[in-house]
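Below you'll find the structure, written out as structure tokens, and then a few comments.
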There are 2 protein chains.
Amino acid sequence: MNTTSTPKIKDVAIAAGVSTATVSRALSKPETVAEETRNAVLDAARATGYRINHAARNLRRQKTGAIVVLVPNLGNPFFSEILAGIESTLANSGMGVLMVDTQQSQGNKHLFTDYLHHSRADGIISLDGSLSNDLIDELQSGAESQPIVFACEWHHSDIFPSARVNNRRGAALAIDHLYQLGHRDIGYVGGPPGNVLTQVRAEGAMNALTELGCKTYENWSFQGDFSLQSGAKVAQEWLSMKTRPTALFCANDEMALGVISELHANGLEVPKHLSVIGFDDIDVAQYFLPPLTTISQPRLELGITAVNLLLERLQNSANADPHEHTVLPVKLINRKSTAALC
Amino acid sequence: MNTTSTPKIKDVAIAAGVSTATVSRALSKPETVAEETRNAVLDAARATGYRINHAARNLRRQKTGAIVVLVPNLGNPFFSEILAGIESTLANSGMGVLMVDTQQSQGNKHLFTDYLHHSRADGIISLDGSLSNDLIDELQSGAESQPIVFACEWHHSDIFPSARVNNRRGAALAIDHLYQLGHRDIGYVGGPPGNVLTQVRAEGAMNALTELGCKTYENWSFQGDFSLQSGAKVAQEWLSMKTRPTALFCANDEMALGVISELHANGLEVPKHLSVIGFDDIDVAQYFLPPLTTISQPRLELGITAVNLLLERLQNSANADPHEHTVLPVKLINRKSTAALC
DNA sequence: ATTGCCACTGTAATCGATTACATCTATGGT
DNA sequence: ACCATAGATGTAATCGATTACAGTGGCAAT
């Protein structure tokens with residue numbers, strides 16, 4: 001035994017009086033070695049303080065035991081909770097989670113694609129639906145091809161498995177809720193125009209509106225970027241309009257909070273002067289003043305489901321449905337930021 | 001060239017008409033090969049679509065090109081922004097970020113220590129000061145020893161380098177602010193009792209209070225857990241007291257928001273009936289109603305600094321000061337949740 | 001011409017674990 | 001008694017890149 005460096009499999013083999021092959025087997029396929037031998041190996045491993053060298057194992061096994069998670073914006077609390085679901089599930093199966101903030105990395109394209117390459121990770125979970133087509137092509141094409149699943153968002157082409165929520169239904173729920181309260185003039189606040197969620201939630205909202213016979217005006221569709229700040233900007237726009245919607249459906253909670261905050265700063269109150277409903281049900285929503293009415297989605301489950309989809313696909317790469325979408329339910333949380341029109 | 005599998009360094013060597021050694025050198029130490037050769041190799045690498053195999057490199061070089069970040073709670077927006085700073089800095093130096101949620105993992109001790117072991121990562125950044133002593137011992141002791149730096153929080157023993165903020169000063173700033181507004185009866189809301197930040201901010205606050213000649217009562221020191229919910233619980237306690245403080249200094253923003261929210265739900269207003277000041281300046285603080293007065297700390301910089309401390313220590317493991325602490329400044333952000341006593 | 005040095009490139013050992021294949025032993029069937 | 005078979009273990013090739021060491025050729029100094 002060598003005290004200056006970490007023990008290797010050979011040291012364990014010597015200590016246990018067996019070959020390295022046996023040690024390896026005892027450790028990773030216990031059922032294939034005799035019980036007596038197995039115990040001797042296990043004892044020796046404990047005694048020497050042996051820890052596996054992942055680089056060596058990975059090289060030999062041709063896999064990494066880690067997956068990368070693409071996050072559009074790490075600072076956003078919405079994502080970090082999905083991340084928590086992903087991390088805990090993956091940790092349970094002994095896998096590592098490599099994080100990449102796609103906003104930061106887009107500039108550094110070279111490094112970025114490097115991450116996604118085989119030898120860094122066995123697969124990808126993307127919370128970002130706006131990956132460039134180049135990148136998607138690369139991930140699909142022959143040698144570079146990698147298992148990838150989306151969570152929450154999904155790629156425009158929608159050719160990859162994903163865990164998501166019924167966004168159209170969520171939007172319809174929101175609109176219905178406002179309609180029931182008597183609102184007929186309802187605006188929509190979206191995120192970046194390219195974003196799938198912006199689009200799908202807009203569609204859901206517009207469908208519901210036309211079904212209910214409400215008019216929709218082009219300039220009642222506001223454009224934000226999912227940030228608090230952009231919500232505040234939307235509020236400014238709203239304030240400067242002559243004919244205004246009496247209610248606003250925001251594509252996420254943060255923008256909704258931004259709207260409410262800015263309105264308040266200008267002497268108006270929610271829901272008295274404007275009803276506001278959000279989407280996501282982030283933690284702070286229920287503690288905000290007024291508590292935010294919103295559409296909740298099960299963030300933890302989204303993360304967990306995405307991991308399971310990916311693991312499934314890693315195990316039997318052959319017979320996995322390539323277009324599997326798991327759609328989780330959505331729920332209206334009725335709080336105090338919406339009220340009957342008077 | 002083999003179309004069915006990813007190209008290896010040998011394929012590039014053949015394509016460029018040189019040896020694998022030269023390819024390796026051209027790629028990782030360009031200055032050591034002749035320009036002509038280098039270009040040939042680079043072209044060949046491009047042509048074959050070569051990507052390095054990290055497992056092989058890691059095995060040979062005996063390092064992993066990744067570091068692990070220990071996060072107490074991924075769901076907490078405060079941490080995720082520090083994480084963003086860490087990720088972007090590390091990505092720039094081509095390193096990967098392995099994330100571990102310590103709350104989830106503590107149960108699974110075995111997996112947990114496995115992560116921290118050499119062959120998974122070259123070093124550790126911990127945002128969690130409450131690592132068990134066992135673990136700390138293990139990380140310090142001979143063969144297992146790993147470079148580790150703390151960010152924000154730090155270990156009780158304080159024997160590792162860290163990037164942090166002047167918490168005592170932050171607390172004093174908060175207390176001074178309340179004092180200036182006329183408050184003499186000031187309470188403190190801390191996080192979990194074992195947490196360093198809870199303790200140091202309490203000390204800072206208590207020192208400031210006694211210096212200013214304010215009385216401190218045991219039961220004016222409330223115990224939360226940094227969550228919104230715990231803030232709401234503290235508000236309940238406050239409501240049920242006969243003699244109450246007129247102002248509350250909360251050890252983080254979320255608890256402050258929880259307090260304000262719960263008070264409001266009970267018909268009381270901040271700052272009219274109680275002044276509340278927080279700590280951290282999370283994004284939502286300035287949009288809350290009322291906008292939260294708080295002590296801001298530079299989260300992104302904390303992350304960046306921690307990475308730099310770690311990288312420094314990875315490069316010259318010998319002559320690095322083992323107890324280096326970088327202390328960043330803190331700032332009072334005066335908004336609307338505190339007001340003069342009337 | 002000889003020597004020494006420098007710049008460059010190639011050969012082959014190496015990192016540590018896994019696993020295909022070979023070997024050996026014991027067991028049961030005939 | 002003999003063979004087939006299964007179970008247990010050992011031997012050695014293997015994963016792919018890096019790098020110590022050993023050339024090789026060219027040029028300048030002597």
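Each chain gets a letter, A, B and so on, in the order its sequence line appears, and its residues count up from 1.
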Inspect the contact between B/Asp43 and B/Arg38 and indicate whether a charged nitrogen and a carboxylate oxygen are less than 4.0 angstrom apart.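 Result for this pair is no, no salt bridge flagged.
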
Closer than 4.0 angstrom, basic N to acidic O: yes or no for A/Arg164 and A/Asp158?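 Yes, this pair counts.
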
Relative to the 5' end of DNA chain C, which residue comes earlier, B/Thr37 or A/Ala55, by the nucleotide with the nearest heavy atom?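 The residue closer to the strand's 5' end, by nearest nucleotide, is B/Thr37.
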
Among [options], the nucleotide that comes nearest once only the side chain of [X] is considered:
X       : options                : value
A/Asn53 : C/dA17, C/dT14, D/dG10 : C/dA17
A/Lys8  : C/dG10, D/dT11, C/dA17 : C/dA17
A/Ala34 : D/dA17, D/dT9, D/dT11  : D/dT9

Within the 4.0 Å heavy-atom criterion, would you say B/Val23 contacts the bases, only the backbone, or no part of the nucleic acid?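 Counting heavy atoms under 4.0 Å across all strands, no contact is made by B/Val23.
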
Identify whether any heavy atom of B/Thr22 sits under 4.0 Å from a base atom; if not, whether one sits that close to sugar-phosphate; answer base, sugar-phosphate or nothing.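 Sugar-phosphate, no base atom in range.
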
Donor + acceptor pair across side chains of A/Thr48, A/Asp11 (<3.5 Å):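 The answer is no; no qualifying pair exists.
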
Under 4.0 Å between a side-chain N/O of A/Tyr50 and OP1 or OP2 of C/dG16, yes or no?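 Answer no for this pair, as no side-chain N or O of A/Tyr50 is under 4.0 Å from OP1 or OP2.
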
Can a side chain N or O of A/Gln62 be found less than 4.0 Å away from OP1 or OP2 on D/dG16?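 Looking at the OP1 and OP2 atoms of D/dG16, one of them is under 4.0 Å from a side-chain N or O of A/Gln62.
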
Under a 3.5 Å distance rule, please check whether A/Asp128 uses its side chain to pair with a backbone N or O of A/Val71 as donor and acceptor.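 Looks like no, no N/O pair under 3.5 Å.
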
Protein-nucleotide distance (A/Glu36, atom CD; D/dG7, atom P), rounded to Å: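 Those two atoms, CD and P, are 18 Å apart.
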
